[in-house]
Amino acid sequence: MKIYMKYIKPYISAFILGPIFMIVEVIGEIMMPKLLQMIIDNGLGSEDGNIPYIIGIGIAMVITAVLMLIGGVLGAFFAIRASVNFAGDLRQDLFEKVQSFSFANIDKFSTGSLVTRLTNDVTNLQNTVAMALRMMLRAPGMLIGALIMAFVMNPSLASVLLVVIPLLTLAIVLIMKNAFPRFNVMQKKIDNVNSVVQENITNARVVKSFVREEHEIEKFKTANSDLKNNTVNAIKLVILTMPVMTLAMNITTIAIVWFGGNQILVGDMPIGELTAFTTYVVQILMSLMMVSMIMINGSRALASSARIKEVLTTEIDLNDDKVRELVKSGVDVPKVTGGSIEFRNVCFKYYKKKKNNVLNDITFKVESGQTVGIIGSTGSGKTSLVQLIPRLYDADEGEVLVDGVNVRNYLLNDLRDSVAMVLQKNILFSGTIEDNLRWGDENADISEIERMADYAQADGFVKSFSDGYQTYLNQGGVNVSGGQKQRLCIARALLKHPKILILDDSTSAVDTATEAIIRKNFLKEIPDTTKLIIAQRISSVIDADKIVVLDDGYVVGIGTHDELMTSCDTYKEIYYSQIEKEEAV
């Protein structure tokens with residue numbers, strides 16, 4: 001509960017007022033049967049009808065009904081207000097927590113699971129909070145009040161309830177005990193459905209190009225059926241609650257009417273008292289039904305709460321808390337000024353329990369302003385290597401240094417602000433081309449945007465669009481070609497004016513002539529920026545100041561093209577295999 005107090009305190013007045021106003025409604029419900037009894041026994045039961053008495057009690061009933069209406073409306077209003085604000089703040093914190101996740105933290109959760117936790121799970125908690133605020137005092141208040149009134153009226157007849165209530169309570173507890181684990185499984189199945197839907201819609205073009213619609217339909221059908229079956233498995237226990245409660249209510253009512261009728265016949269009980277007593281019995285059983293509904297929703301909410309708590313309490317394995325403490329104490333922390341890079345005996349693996357490293361004993365140095373090519377076969381560790389520079393991951397052994405300082409000693413924002421990465425998978429967001437390029441510098445004027453787009457060979461095709469830089473891009477930039485997307489991503493990175501520019505196979509969809517112009521512009525326009533170029537084509541790195549050759553996580557060669565052609569068999573093998581392909585073409 002402590003974890004949620006943060007979201008309750010700002011709206012504590014609504015959390016208090018909601019139940020209080022519901023109590024007003026409960027008091028009215030407890031009074032109504034007694035007032036009705038007074039009309040029947042003392043008014044209608046008198047010889048002259050006692051009309052003034054009936055009118056007076058009737059007026060009291062009308063006033064009570066109005067107060068109940070006000071209490072019910074305000075109680076519901078404050079309950080909804082509290083629950084909606086509670087859920088809104090919780091969802092915001094969850095999203096902010098996910099934004100602070102390292103890549104390793106994100107790898108722990110699937111995209112579909114995180115979406116479910118931020119939407120469905122939070123909504124479950126919201127609904128439960130709203131229901132609890134409306135019923136947590138109403139249900140026990142009605143139960144206690146009606147029980148007191150029933151025993152005050154007729155203790156012998158009320159003793160029937162002492163048999164029914166424990167049996168109903170036991171049945172509810174057994175149902176809830178079995179429902180909780182089923183709800184937990186159900187939420188995981190919702191994760192799976194969301195993952196399948198997200199993956200399919202994101203990759204719709206791939207699905208259609210490979211004519212895999214039937215396969216995807218079958219895949220979704222399996223996930224959907226799995227969710228349906230598990231939902232039915234969980235809900236059928238809940239469905240059982242209502243018939244059990246109704247049966248108990250009907251049996252109890254029949255017993256009360258039977259025994260009460262006998263008491264009326266012998267003159268031990270007035271008719272109005274039996275009418276009121278029967279109403280109180282119904283109220284008692286209805287309050288138990290409300291309690292059962294709270295417990296049912298609570299069971300699902302507990303499953304959702306555990307999943308939300310898992311996100312909120314996830315320890316961020318990559319942070320700069322120690323550096324921030326130094327800043328608070330007045331110690332000056334370094335900032336990236338040059339852009340030199342050094343790897344010292346670096347080892348790294350994604351899954352810490354595995355034996356084999358992805359990178360092994362990596363050692364080399366890059367001077368500020370140098371252009372360094374990184375080449376190697378698929379899976380050799382090229383992308384893993386460059387991700388250690390802006391601390392998307394941390395090295396397990398050794399050190400990664402920028403400007404001679406361990407990257408762990410920089411503030412994350414400062415370090416990452418000095419590094420621009422054009423990732424292997426180019427991502428553009430829904431919005432205009434200008435909006436996307438401003439990710440590099442939100443304050444850049446249009447002339448600066450056009451200049452950097454020109455360096456990346458993007459300005460020409462952008463201006464060919466009827467709306468130019470105001471052309472709207474769909475999610476993922478699907479309405480531009482792969483090569484155009486890559487050039488826009490390069491322009492976005494250049495707008496950042498980074499000290500270190502990392503291009504991760506980011507010109508693979510660009511023709512060699514255009515790529516050559518882009519490389520030439522790099523040398524001319526950003527000579528002081530350190531450039532790391534990961535490439536599959538040797539032609540992309542052949543003119544680099546230094547080329548690093550990776551093979552199975554090891555550095556097997558470092559040098560210029562000419563040096564590697566004489567000293568590195570792996571490089572020569574890659575070079576000749578590409579030359580042969582070009583000659584074959």
Side-chain angles (χ1 to χ4, degrees), residues 1-11 15 82-133 179-202 223 226-227 230-231 234 296-322 324 350-353 387 390-394 411-413 416 425 427 429 475:
M1 189 62 187
K2 288 181 181 179
I3 199 170
Y4 296 117
M5 284 305 299
K6 174 184 177 182
Y7 311 105
I8 294 174
K9 284 182 179 179
Y11 315 104
F15 274 89
S83 63
V84 168
N85 283 296
F86 168 88
D89 289 356
L90 176 58
R91 191 179 293 111
Q92 182 67 34
D93 272 8
L94 277 170
F95 185 79
E96 290 179 10
K97 184 62 181 274
V98 171
Q99 291 302 302
S100 70
F101 277 3
S102 68
F103 277 24
N105 291 131
I106 293 172
D107 292 342
K108 180 182 174 182
F109 301 93
S110 70
T111 304
S113 178
L114 288 173
V115 169
T116 304
R117 291 168 201 246
L118 266 75
T119 53
N120 184 274
D121 285 319
V122 173
T123 301
N124 285 340
L125 279 187
Q126 176 183 324
N127 293 338
T128 301
V129 168
M131 178 179 286
L133 289 176
F180 175 74
R182 299 189 186 192
F183 280 127
N184 200 24
V185 172
M186 187 179 79
Q187 291 303 115
K188 290 179 181 179
K189 298 305 178 183
I190 295 174
D191 286 351
N192 191 34
V193 168
N194 280 341
S195 294
V196 172
V197 172
Q198 183 263 340
E199 186 177 51
N200 179 268
I201 294 174
T202 303
D226 204 14
L227 172 59
N230 279 277
T231 302
I296 289 166
N297 282 274
S299 294
R300 188 172 182 183
L302 281 173
S304 293
S305 176
R307 289 155 52 79
I308 288 170
K309 186 178 177 182
E310 190 179 5
V311 175
L312 289 175
T313 58
T314 293
E315 185 177 346
I316 309 300
D317 65 344
L318 194 157
N319 57 57
D320 54 8
D321 291 346
K322 291 182 179 179
R324 290 187 181 279
Y350 291 102
Y351 303 103
K352 308 310 177 186
K353 292 182 180 180
Q387 286 180 340
R391 289 192 72 197
L392 299 180
Y393 293 94
D394 268 340
L411 285 170
L412 277 172
N413 284 348
R416 290 174 180 172
K425 185 178 181 181
I427 298 295
F429 296 86
Q475 186 178 11

Q: Which residues satisfy the side-chain hydrogen bond (donor to acceptor under 3.5 Å, both in side chains) test with Asn192, sequence neighbours excluded?
A: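 Once residues adjacent in sequence are excluded, Asn192 has no partner under the side-chain hydrogen bond (donor to acceptor under 3.5 Å, both in side chains) criterion.
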
Q: Let me confirm one number: the OG1-CG distance from Thr128 to Leu302, rounded to the nearest 0.5 Å.
A: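 Rounded to the nearest 0.5 Å, the OG1-CG separation comes out at 8.5 Å.
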
Q: Checking Ser305 side chain against Ala301 main chain: does a donor-acceptor pair fall under 3.5 Å?
A: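 Looks like no, no N/O pair under 3.5 Å.
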
Q: Got a second to check how far Leu94's CG is from Arg307's CZ, nearest 0.5 Å?
A: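 The distance works out to 11.0 Å.
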
Q: Any chance CZ of Phe95 has more than 12 other-residue heavy atoms, nucleotides or ligands included, within less than 6.0 Å?
A: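 Incorrect, the count does not exceed 12.
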
Q: Between atom CZ of Phe86 and atom CG of Leu133, what is the distance when rounded to the nearest 0.5 Å?
A: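 It comes to 9.5 Å.
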
Q: Under 3.5 Å, is there a donor-acceptor pair linking the side chains of Asp89 and Asn85?
A: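 Result is no, nothing qualifies.
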
Q: For Asp93, what residues pass the salt bridge (Lys or Arg N to Asp or Glu O under 4.0 Å) criterion, not counting sequence neighbours?
A: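 Per chain and number, Asp93 pairs via salt bridge (Lys or Arg N to Asp or Glu O under 4.0 Å) with Lys6.
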
Q: Side-chain contact test, heavy atoms from C-beta onward, threshold under 4.5 Å: evaluate it for Leu125 versus Tyr4 and give yes or no.
A: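 Yes. Closest side-chain heavy atoms under 4.5 Å.
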
Q: Search all heavy atoms of Gln126 against all heavy atoms of Ser83 and return the closest pair with its distance.
A: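 For Gln126 and Ser83, the tightest heavy-atom pair comes out as O-CB, 3.4 Å.
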
Q: Going by heavy atoms in the side chains, are Leu412 and Leu318 under 4.5 Å from each other?
A: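 Counting from C-beta outward, Leu412 and Leu318 do come under 4.5 Å.
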
Q: Can you name the closest pair of heavy atoms from Phe15 and Tyr7 and give their distance?
A: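 Where Phe15 meets Tyr7 most closely, the heavy atoms are CE1-O, 4.4 Å.
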
Q: Hey, what do you get for CD1 (Ile3) to CG (Leu312), rounding to the nearest 0.5 Å?
A: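 Reported value, rounded in 0.5 Å steps: 4.5 Å.
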
Q: Just to verify, what does Asp320 make a side-chain hydrogen bond (donor to acceptor under 3.5 Å, both in side chains) with, not counting sequence neighbours?
A: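 Expected list: Arg324.
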
Q: Just to verify, what does Thr116 make a side-chain hydrogen bond (donor to acceptor under 3.5 Å, both in side chains) with, not counting sequence neighbours?
A: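 Here the qualifying residues are Asp191, Asn194.
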
Q: Apply side-chain hydrogen bond (donor to acceptor under 3.5 Å, both in side chains) to Glu96 and list each qualifying residue two or more places apart in sequence or on a separate chain.
A: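 Only Gln92 meet the side-chain hydrogen bond (donor to acceptor under 3.5 Å, both in side chains) criterion with Glu96.
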
Q: Please name the pair of heavy atoms, one in Asn319 and one in Ile316, separated by the smallest distance, quoted to 0.1 Å.
A: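 So the minimum-distance heavy-atom pair works out to ND2-O, 3.1 Å.
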
Q: Using the salt bridge (Lys or Arg N to Asp or Glu O under 4.0 Å) rule, collect all pairs that involve residues 109-120, keeping only residues at least two apart or in two chains.
A: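 Sorted result for residues 109-120: Arg117-Glu310.
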
Q: Under 4.5 Å between any side-chain heavy atoms of Ile190 and Asp121, yes or no?
A: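 The answer is no, as the side chains (C-beta and beyond) never meet within the 4.5 Å cut-off.
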
Q: How long is the span from the OG1 atom in Thr119 to the CG atom in Asn124, to the nearest 0.5 Å?
A: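 CG of Asn124 is found 9.5 Å from OG1 of Thr119.
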
Q: Taking the side chain as everything from C-beta on, heavy atoms only, tell me whether Arg91 gets closer than 4.5 Å to Thr123.
A: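 The answer is yes; the side chains approach within 4.5 Å.
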
